[in-house]
2 protein chains.
Amino acid sequence: MGRAPTKKRHPRDAADQMADECLAVRVRLLNRTLSAVYDEALRPLGVTVGQLNVLVVVAKRGPLSPGDVAKRLHMEKSTVSRNLERMRGHGWVTLSPSRSGRGQVLVIHAKGRKLLERALPLWEKAQEDAEALLGQRGAQSLRRTADSVWSRGGRG
Amino acid sequence: MGRAPTKKRHPRDAADQMADECLAVRVRLLNRTLSAVYDEALRPLGVTVGQLNVLVVVAKRGPLSPGDVAKRLHMEKSTVSRNLERMRGHGWVTLSPSRSGRGQVLVIHAKGRKLLERALPLWEKAQEDAEALLGQRGAQSLRRTADSVWSRGGRG
DNA sequence: GCCTTTAGGTTGTATATACAACCACATGGG
DNA sequence: CCCATGTGGTTGTATATACAACCTAAAGGC
């Protein structure tokens with residue numbers, strides 16, 4: 001057994017290949033890193049960047065259903081359901097049964113709008129930090145890429 | 001200067017600005033989307049892409065401590081601790097007290113190497129799908145950006 | 001008008017993640 | 001030697017996420 005057995009000739013080890021190329025490990029790293037930047041900035045307001053993003057959708061798209069939020073953000077309906085549960089607890093949004101047909105409607109509340117206003121400067125700071133971290137090009141490309149995935153999946 | 005009406009009022013709503021520019025909502029979207037692609041592909045093996053990524057680090061970097069894994073992947077030590085707990089349960093790695101000094105050492109097991117081998121083709125399929133989703137340029141830029149963040153943070 | 005189908009939401013379970021508090025022990029000072 | 005300190009890991013708690021199972025009520029078929 002002095003020498004490397006024939007099997008030894010993997011052009012590259014599975015581990016090497018995944019480490020060098022895997023897109024998942026990279027997007028997950030960026031997710032952790034950037035989410036931490038925003039969450040830290042927003043902490044004084046007691047809101048997370050994920051919740052803020054949902055709030056933005058509700059604010060912009062007027063009365064809409066939880067299912068619509070899920071579609072727009074490509075999230076599981078159960079995830080949205082539980083996020084909204086917390087947000088309703090804070091009084092940022094209300095959920096009421098739809099008058100017309102089935103389903104329910106979300107509406108942003110005064111408290112929610114207030115939060116958006118107060119969050120803006122903190123968000124801007126985080127956004128700057130994030131941009132510095134990614135670099136102009138990285139940031140721009142991230143936006144372009146995400147927006148393309150978005151429209152394919154039907155951001156509408 | 002020309003004319004665009006004096007935007008005396010909110011130049012743009014807070015919600016509009018965040019929706020149009022926020023990097024966090026975008027990286028989070030990509031994370032959900034890509035992780036789903038890989039997790040679905042890997043499901044037959046009962047491993048998640050996050051676990052696979054940790055396993056790759058252990059495989060490549062030989063015996064190393066949980067803390068080293070955390071540093072390398074920019075994860076919380078507690079997160080790593082619990083991920084490893086599950087992976088140890090599957091027998092993919094072992095954790096033993098370090099002979100020299102303090103701390104512990106992780107080693108990949110035969111089962112773990114086997115898993116890497118079996119995962120490779122499934123991972124390749126997922127990687128192709130992911131690349132198709134992002135586009136060549138998006139994928140390349142994601143790799144470049146993540147790798148730069150990585151080295152700054154000290155991937156070494 | 002009933003009954004079946006199905007869409008929209010919630011609940012159960014599990015992983016991933018992070019912050020804070022804690023614990024255990026190796027190390028270093030005296 | 002023994003104690004003080006600091007590092008590495010685990011545990012407690014909370015959010016984010018997803019899949020599967022379930023529930024309820026609207027829609028449709030007949």
Side-chain angles (χ1 to χ4, degrees), chain A residues 24-25 27-55 64-71 73-90 95-106, chain B residues 24-25 27-55 64-90 92 95-106:
Chain A
V25 71
V27 78
R28 290 167 68 87
L29 167 75
L30 290 183
N31 178 46
R32 284 191 298 270
T33 308
L34 291 198
S35 291
V37 168
Y38 289 80
D39 280 342
E40 192 177 346
L42 294 170
R43 193 157 309 140
L45 295 185
V47 64
T48 66
V49 68
Q51 293 167 355
L52 190 63
N53 289 330
V54 170
L55 193 59
L64 82 177
S65 76
D68 291 336
V69 173
K71 283 190 191 69
L73 294 178
H74 295 197
M75 293 167 78
E76 258 297 303
K77 57 184 181 174
S78 61
T79 303
V80 172
S81 176
R82 283 176 172 120
N83 283 356
L84 287 174
E85 188 177 22
R86 294 182 259 276
M87 295 172 65
R88 281 175 7 178
H90 286 293
L95 185 60
S96 31
S98 162
R99 221 66 79 206
S100 58
R102 110 174 102 216
Q104 308 182 346
V105 271
L106 280 168
Chain B
V25 70
V27 78
R28 289 167 70 87
L29 168 76
L30 290 183
N31 178 46
R32 285 191 297 269
T33 306
L34 291 196
S35 290
V37 168
Y38 288 81
D39 280 341
E40 191 176 346
L42 293 170
R43 192 156 310 139
L45 296 185
V47 64
T48 65
V49 68
Q51 292 167 356
L52 190 63
N53 290 329
V54 170
L55 192 60
L64 81 177
S65 76
D68 291 336
V69 173
K71 283 189 191 69
R72 195 164 288 277
L73 294 178
H74 295 197
M75 294 167 78
E76 257 297 303
K77 57 182 180 173
S78 61
T79 303
V80 172
S81 176
R82 286 178 169 118
N83 283 354
L84 287 175
E85 187 178 20
R86 295 181 258 276
M87 295 172 65
R88 281 171 32 198
H90 287 293
W92 298 331
L95 185 59
S96 30
S98 161
R99 222 69 79 204
S100 58
R102 117 176 92 216
Q104 307 183 347
V105 271
L106 280 166

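A note on names: the letters A, B, ... follow the listed sequences, proteins ahead of strands, and every chain is numbered from 1. Values in this document were obtained by computation on a predicted structure and should not be read as measured data. Every heavy atom of this structure was used, including side-chain atoms; hydrogens, water molecules and symmetry mates were not.
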* Asked: How would you list, by chain and number, every residue that makes a side chain to side chain contact (heavy atoms under 4.5 Å, CB included) with B:E85, sequence neighbours excluded?
  ->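 In terms of side chain to side chain contact (heavy atoms under 4.5 Å, CB included), with neighbours along the sequence ignored, B:E85 is linked to B:R82.
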* Mind checking side chain to side chain contact (heavy atoms under 4.5 Å, CB included) for B:D68 and listing every partner two or more places apart, or none if nothing turns up? =>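 Side chain to side chain contact (heavy atoms under 4.5 Å, CB included) check on B:D68 returns B:L64, B:S65.
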* Between protein and nucleotides 7-12 of chain C, map the contacts as a letter string: B base, S sugar-phosphate only, - none, heavy atoms under 4.0 Å, written 5' to 3'. => SSBBBB
Please give, in whole Å, the distance from [N] [atom2] to [X] [atom1]?
X     : N      : atom1 : atom2 : answer
B:E76 : C:dA18 : CD    : P     : 6 Å
B:H90 : C:dT15 : NE2   : C1'   : 10 Å
A:M87 : D:dA16 : CE    : C1'   : 13 Å
B:R86 : C:dT17 : CZ    : P     : 9 Å
A:R28 : C:dT15 : CZ    : P     : 14 Å
B:N31 : C:dA18 : CG    : C1'   : 15 Å
A:L30 : C:dT17 : CG    : P     : 13 Å
B:L34 : C:dA16 : CG    : P     : 17 Å

* Can you measure from NZ (B:K77) to CE (B:M75) and round to the nearest 0.5 angstrom? =>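 So the NZ of B:K77 and the CE of B:M75 are separated by 14.5 Å.
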* Which value, rounded to the nearest 0.5 Å, describes the distance between A:L29 atom CG and B:R72 atom CZ? ->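 Taking CG in A:L29 and CZ in B:R72, the distance rounds to 12.5 Å.
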* Asked: Counting any heavy atom closer than 4.0 Å, what does B:N83 reach on the DNA or RNA strands: base, sugar-phosphate only, or nothing?
  ->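 Since only primed, P, OP1 and OP2 atoms lie under 4.0 Å of B:N83, the category is sugar-phosphate.
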* Asked: Looking at residues at least two apart in the chain, or sitting in another chain, which of them share a side-chain hydrogen bond (donor to acceptor under 3.5 Å, both in side chains) with A:R86?
  ->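 Applying side-chain hydrogen bond (donor to acceptor under 3.5 Å, both in side chains) to A:R86 gives A:N83.
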* Residues two or more places apart in sequence or in another chain: which of them pass side-chain hydrogen bond (donor to acceptor under 3.5 Å, both in side chains) with B:T33? ->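 side-chain hydrogen bond (donor to acceptor under 3.5 Å, both in side chains) check on B:T33 returns nothing, list empty.
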* Does any pair with a residue in residues 37-55 of chain A pass side chain to side chain donor-acceptor pair (under 3.5 Å), and if so which ones, sequence neighbours excluded? ->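 As it turns out, the side chain to side chain donor-acceptor pair (under 3.5 Å) pairs with a partner in residues 37-55 of chain A, which skip direct neighbours, are A:Y38-A:Q127.
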* What are the residues of residues 42-53 of chain B, sorted by number, that bring a heavy atom to within less than 4.0 Å of DNA chain C? ->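 Residues of residues 42-53 of chain B that come under 4.0 Å of DNA chain C are, in numerical order, B:T48, B:Q51.
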* Asked: Is any side-chain heavy atom of B:V54 less than 4.5 Å from a side-chain heavy atom of B:V80?
  ->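 Result no, sub-4.5 Å side-chain heavy-atom pair not found.
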* Asked: Any donor and acceptor pair, going by atom type alone, linking the side chain of B:R28 with main-chain N or O of A:L73 inside 3.5 Å?
  ->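 Looks like no, no N/O pair under 3.5 Å.
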